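The block underneath contains the structure these notes are about, expressed in structure tokens.
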2 protein chains.
Amino acid sequence: MTKAALPTRSRIIETGTNLLSTSGLSGITLGTLAERTGMSKSGLFAHFGSKEEVQLSLLEHTAQIAAEHVVAPAMRAAEGLPRLKALFRNWLGWTARAGLAGGCPIAAGIFELDDTEGPVREQLLQMEKSWRALLAQHVAQAVDLGHLRRDLDIEQFVWELCGIYLSHHAFLRFVRDPRADKRARIAFDALLGRALPKDAKKKKKAALRRIR
Amino acid sequence: MTKAALPTRSRIIETGTNLLSTSGLSGITLGTLAERTGMSKSGLFAHFGSKEEVQLSLLEHTAQIAAEHVVAPAMRAAEGLPRLKALFRNWLGWTARAGLAGGCPIAAGIFELDDTEGPVREQLLQMEKSWRALLAQHVAQAVDLGHLRRDLDIEQFVWELCGIYLSHHAFLRFVRDPRADKRARIAFDALLGRALPKDAKKKKKAALRRIR
DNA sequence: GTATAGTACGACCGGTCGTGCTATTCTTTG
DNA sequence: CAAAGAATAGCACGACCGGTCGTACTATAC
């Protein structure tokens, strides 16, 4: 059976995901992947039918460890706004916490595959969409619980959230600016400020006035 | 002299920039570039000393046509806020207007080269920084002219502007969502709303009240 | 005890990569 | 018209690409 094959295959995929995060999808070659896994190219190839299959498996595994390190721990936070905040906090720089050496393969793929066609693009697109849907779902929950204003444009909120993530990624990993975290936090707070119910704003203002 | 060489060289670079925008830096190969330019690989190679030189020249040309299509036309707008708005408007989707078939090579490169080292990364980093500096300069001018609030965190403003651009790029080119422009405009207006002087806000509110 | 299926290997396929070196063609100039 | 020089092509190289082949070893099934 494939019982004995699984450890090897997952070892390949683990090594490969690391390579993916540092070198991007185009940086994945059977040769380098085999070398880093410590096996022959053909031996590695036998576990997948094609290079495309390798790429798809790597993306799938990426989604899985992202869910593990971003979504799962956020579920311990209370529903609504606290969970949304935790989700966003875990999102920023999740790859390092997941043990990946490089950046976010999904973000990189978005800019790498925007003019290509094929199954790899399709899979990445689906991953991106379901991630955005998950974000939207938790925003909606925060609205339902009265944590965010009832007339909030949820799609717009998520859209801007993605912008903060991308800018954070660019500044953290490319520019290597240590202030990336701070910038993202400020932007997130401002975005949240627009999304809070009106009475919550008044409360905050009142609290601020009391401090002064 | 190189007088006769320049047309050929710039023809190569023009073709190459198009290839760059669709395939990214790693998609640039001497073979395909030579094929598309209609000349031999070695003949093309003679114009540059190395592939790296090709990449650097392509990035340089990218910066040049970006300045042509984004910055230059914005300079016709009045100084301060109007110019900043024009700058942002021209920034979004500038590659199409510049005749490029693909996305923004700079944005793509930021996510492609974040874990590499070398001159290409250095050049891209410098391009990114000077672009951000140019944005900051025009924001500062808007502050000086009283169009934006005096205590505005300019770096933060530019940082969030970059986020909007990246999210717009991702949604326009990867997700291929036609609402990308609308989302970016809303986000920009909201960012601007936080940056306006307090009296300007009151004026806007009063105007709004008058309409109702 | 033997047949079978899974796993891995090394050798090798046609092609493309970047990059040299040499010849040829074209343009300019004397 | 000839000499000079620049521009391009031709060709070969070693490395690597994705992928296939035949072949061993191993563990289970019959």
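A note on names: the letters A, B, ... follow the listed sequences, proteins ahead of strands, and every chain is numbered from 1. Side chains are part of it too, since the values below use all heavy atoms of this structure and drop only hydrogens, waters and symmetry mates. Computed from a prediction, not measured in an experiment: that's the story for all the values here.
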(message) Base contacts versus sugar-phosphate-only contacts with protein, heavy atoms under 4.0 Å: please encode nucleotides 9-21 of chain D as B, S and - from 5' to 3'.
(response) BBB-----SBBBB
(request) Report yes or no: is the cationic atom of A/Arg121 (NZ for Lys, CZ for Arg) under 6.0 Å from the centre of the six-membered ring of B/Phe174, at an angle within 45° of the ring normal? (result) yes
(request) Could you check how far CZ of B/Phe48 sits from P of D/dT8, rounded to whole Å? (result) 11 Å
Side chains of residues 56-66 of chain A: which donor-acceptor pairs under 3.5 Å do they make with residues two or more places apart or in other chains?
from	atom 1	to	atom 2	distance (Å)
A/Ser57	OG	A/Arg9	NH2	3.3
A/Ser57	OG	A/Glu53	O	2.8
A/His61	ND1	A/Thr17	OG1	3.0
A/Thr62	OG1	A/Leu58	O	2.8

(request) Look at all strands and tell whether A/Ala46 reaches a base, only sugar-phosphate, or nothing, counting heavy atoms closer than 4.0 Å. (result) nothing
(request) Rounded off to whole Å, could you give me the NE2-to-P distance for the B/His47 and C/dT19 pair? (result) 16 Å
(request) Examine B/Arg185 relative to B/Phe88 and say whether NZ or CZ is less than 6.0 Å from the centre of the six-membered ring and inside a 45° cone about the ring axis. (result) no
(message) Please determine whether a side-chain nitrogen of the Lys or Arg among A/Glu117 and B/Arg176 lies less than 4.0 Å from a carboxylate oxygen of the Asp or Glu.
(response) yes
(request) Look at B/Glu160 together with A/Arg183 and state whether they make a salt bridge at an N to O cut-off of under 4.0 Å. (result) no
